Structure formats: structure tokens, C-alpha cells
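Everything on this sheet refers to the single structure shown next.
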Amino acid sequence: MTLPPSAIAIRGLCKSYGKAEVLHDIDLEIARGATTCLIGPSGSGKSTLLRCIAFLEEATRGTILIDGQPLGFEERPDGKRVRLPPHRIRAVRAGIGMVFQQFNLWPHMTALGNVTEALVTVKGLSRAEADARGMAQLRRVGLEARARHYPSELSGGQQQRVAIARALALEPAILLFDEPTASLDPELTGEVLNVMRDLGAEGMTMVVVTHEIGFAATVGQRIAFLDHGRVLLNGTPGELFAAPRHPRLTQFLETYL
Ligand code: ADP
Ligand code: MG
């Protein structure tokens, strides 16, 4: 019996900005239906890796398979790496949603308007269909009662939950989060992490860059520790955090905890 492909399979991924290589030969499998947390020092390449998975950045070498399908580039049998045509890139990207540290909500649109905008303009849904789907997603993040509020009338935690609802409305198979609570006051991070915990429990495949080590240790089924553009460690929280700990991880934890 052949195993189903990983949600994300990263092979030999390198990324350079100009002459500076910031990701070196990354191999990483992201399991389906699980929450994988990416941790590591500032500048270790976490955002760059996530942005490559979202195809917001193009890797310089290597391949990324989403559900077995090549993203952006395909490795031919002769070893040549070729760029895929736009329609094949779009089809694979459509399965990936992303939530950023900055919520990036439209200030002149209500919460519901923010969630439904792409449903109308990109997906071509009718206003009524988009509103129904948008309300369902706002309910999922506990913000149904705030649907008609503008971002300025919402707390940072609520704004980030709207951003999560907006990503969910496009029905991605994979959700990527880049430090989703880093802009929030400490008392507001819990409500966002709870929404993410619930999504994980529902079986959403998530990759979460976070400095919330407690969240990574309890909600993350897998943790990858990046250091200087490499995946230094990759395993379950138990495997990573159990003694004897890798000295670089210990050093990192002492800096961030
Ligand atoms: P992290 O998210 O772990 O803090 P990043 O992925 O943002 O790390 O950055 C990894 C490295 O790549 C850093 O050295 C950073 O300065 C560099 N870098 C990130 N984005 C760019 C860019 N657009 N142009 C040039 N260098 C960049
Ligand atoms: Mg970053």
C-alpha cells in the first residue's frame, strides 16, 4: 500500500535574496490534518519558508509539493527545474490560505465585508451567497455579533479573528500563520490561539510560525526548529523538548521564555 502524499513536501529548498542564501537545502514534510509549528530565532528564515509555501516568494532551488502537486516549479526526470504555467500555479495556490502578523483588513469595510470581498470579486459568488458563507466563518471564530462593525471598532484580537475568517472563507486545505499574535497585547493573544486550537481540533492542516512556545508545545503535533536557514530539529513536542535538549534549542528557549 502506498502512503497518501504529505500535505506539503519540501525537497532541497534553497532561497536567496541577491547573493545571500537565507534558506539552505530544506527538506520538510508537513503532515495532513495536523498543526506544525515553526519556531526559531529572529532571522532564521521562518517567514521566508512560509512565504515560499504560499508562493509569495519563489524558491531559488528545490521543489514544494502540495498534496502531491508541484507548486510553481516542477522537477523533470532529467533534473531540470521548470516553471509551471500560471493556471497550474493558481490551481495549487488556491488551496493555501495565509494569515499575517498584521491583520491587513480594509478599514472602510465591515468585518463581513472584509470576509466576503474576495468571495464576490475573485470567486464570483452572489452577494447573498457570499454573505451566508461569510457569516458562517465569522460564527466559526466567534464574531457573528460583530459582523457589521468596522475594524476600528474591533480589538486587535477580534481583527485577527476576522482575518482568520477571511482566509477560511476561501476554503483552503492548508492554512499558514506568520506570528499571528505578535502584534497583539498579551491579554488578546489567548482568543486568537483558542480559535487556532479549535481549527486544529477540527483537522485543519496548519503551519504556524510562532514565538508562543506554550502553544507550540501543546497544540503543535509537530515542531520544526529553524536556525540560520536550516531545519535543525523536527519532531513531536515531546521529542524536541525532552532532555537532553539540543544546545541551540536550549539557547533559543532561554532567550524567548
Ligand atoms: P524570520 O521570519 O525567522 O525572522 P526571515 O525569513 O524574515 O526570518 O528572514 C531570514 C533572512 O532573510 C534574514 O537574514 C533576513 O534579513 C533576510 N530577508 C528576509 N526577507 C528579505 C528580503 N525581502 N530581501 C532581502 N533579505 C531578506
Ligand atoms: Mg518572520
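Here the structure is a predicted model, which is why all the values come from computation and not from measurement. Just follow the structure's listing: the first ligand is 1, and inside any ligand the first atom is 1. The residues of the chain are indexed from 1 along the displayed sequence.
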Identify the closest protein heavy atom to [atom]: which residue and atom is it, and at what distance?
{"atom": "atom 8 (O) of ligand 1", "value": "G45 N, 3.2 Å"}
{"atom": "atom 7 (O) of ligand 1", "value": "S47 CB, 3.8 Å"}
{"atom": "atom 12 (O) of ligand 1", "value": "V22 CG1, 3.2 Å"}
{"atom": "atom 9 (O) of ligand 1", "value": "T48 OG1, 3.8 Å"}
{"atom": "atom 23 (N) of ligand 1", "value": "Y17 CE2, 3.6 Å"}

Query - Side chain, backbone, both or neither: P41 near ligand 1, heavy atoms under 4.0 Å - result: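 For P41, only backbone atoms sit under 4.0 Å from ligand 1.
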Requested in this report: Starting from the C-alpha separation in whole Å, work towards a yes-or-no answer on salt bridge (charged side-chain N to carboxylate O under 4.0 Å, His left out) for K15 and E21.
Outcome: CA-CA 6 Å; K15 170 67 184 172; E21 191 178 84; over 6 Å; no
Query - Backbone or side-chain N or O of E57 under 3.5 Å from ligand 1 N or O - result: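 No - when backbone and side-chain N and O of E57 are compared with those of ligand 1, no distance drops under 3.5 Å.
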Requested in this report: Please name the pair of heavy atoms, one in T210 and one in I39, separated by the smallest distance, quoted to 0.1 Å.
Outcome: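 So the minimum-distance heavy-atom pair works out to O-CG2, 3.6 Å.
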Query raised in the report: Between E58 and R83, is there a salt bridge with N-O shorter than 4.0 Å?
Result: yes
Query raised in the report: Just checking, any donor-acceptor pair under 3.5 angstrom between side chains of Q158 and R161?
Result: no
Query raised in the report: Do S44 and R230 have side-chain atoms, one donor and one acceptor, less than 3.5 Å apart?
Result: no
Requested in this report: Flag this pair as yes if the NZ/CZ of R81 is under 6.0 angstrom from the six-membered ring centre of F73 and inside a 45 degree cone about the axis; otherwise no.
Outcome: yes
Query raised in the report: Does the protein put any heavy atom within less than 4.0 Å of atom 2 (O) of ligand 1?
Result: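 Given the 4.0 Å cut-off, atom 2 (O) of ligand 1 counts as touching protein heavy atoms.
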Query raised in the report: Protein heavy atom under 4.0 angstrom of atom 15 (C) of ligand 1, is there one?
Result: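 False for atom 15 (C) of ligand 1.
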Query raised in the report: Near G43, which atoms of ligand 1 are under 4.0 Å from a heavy atom of that residue?
Result: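 Those of ligand 1 that fall under 4.0 Å from G43 are 1 (P), 3 (O), 4 (O), 8 (O), 10 (C), 11 (C), 13 (C).
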Query raised in the report: Are the side chains of D25 and L13 in touch, meaning some heavy atoms are under 4.5 Å apart?
Result: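 Not in contact.
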Query raised in the report: Applying the side-chain hydrogen bond (donor to acceptor under 3.5 Å, both in side chains) test to D227, which of H246, R248, Q251 qualifies?
Result: R248
Requested in this report: Determine, using heavy atoms of S42 and all atoms of ligand 1, whether some pair is separated by less than 4.0 Å.
Outcome: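 The answer is yes: ligand 1 sits under 4.0 Å from a heavy atom of S42.
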Query raised in the report: Under 2.8 Å from the Mg ion (ligand 2), is there an N/O/S atom belonging to S47?
Result: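 Here the distance criterion (N, O or S atom, under 2.8 Å) is met by S47, so yes.
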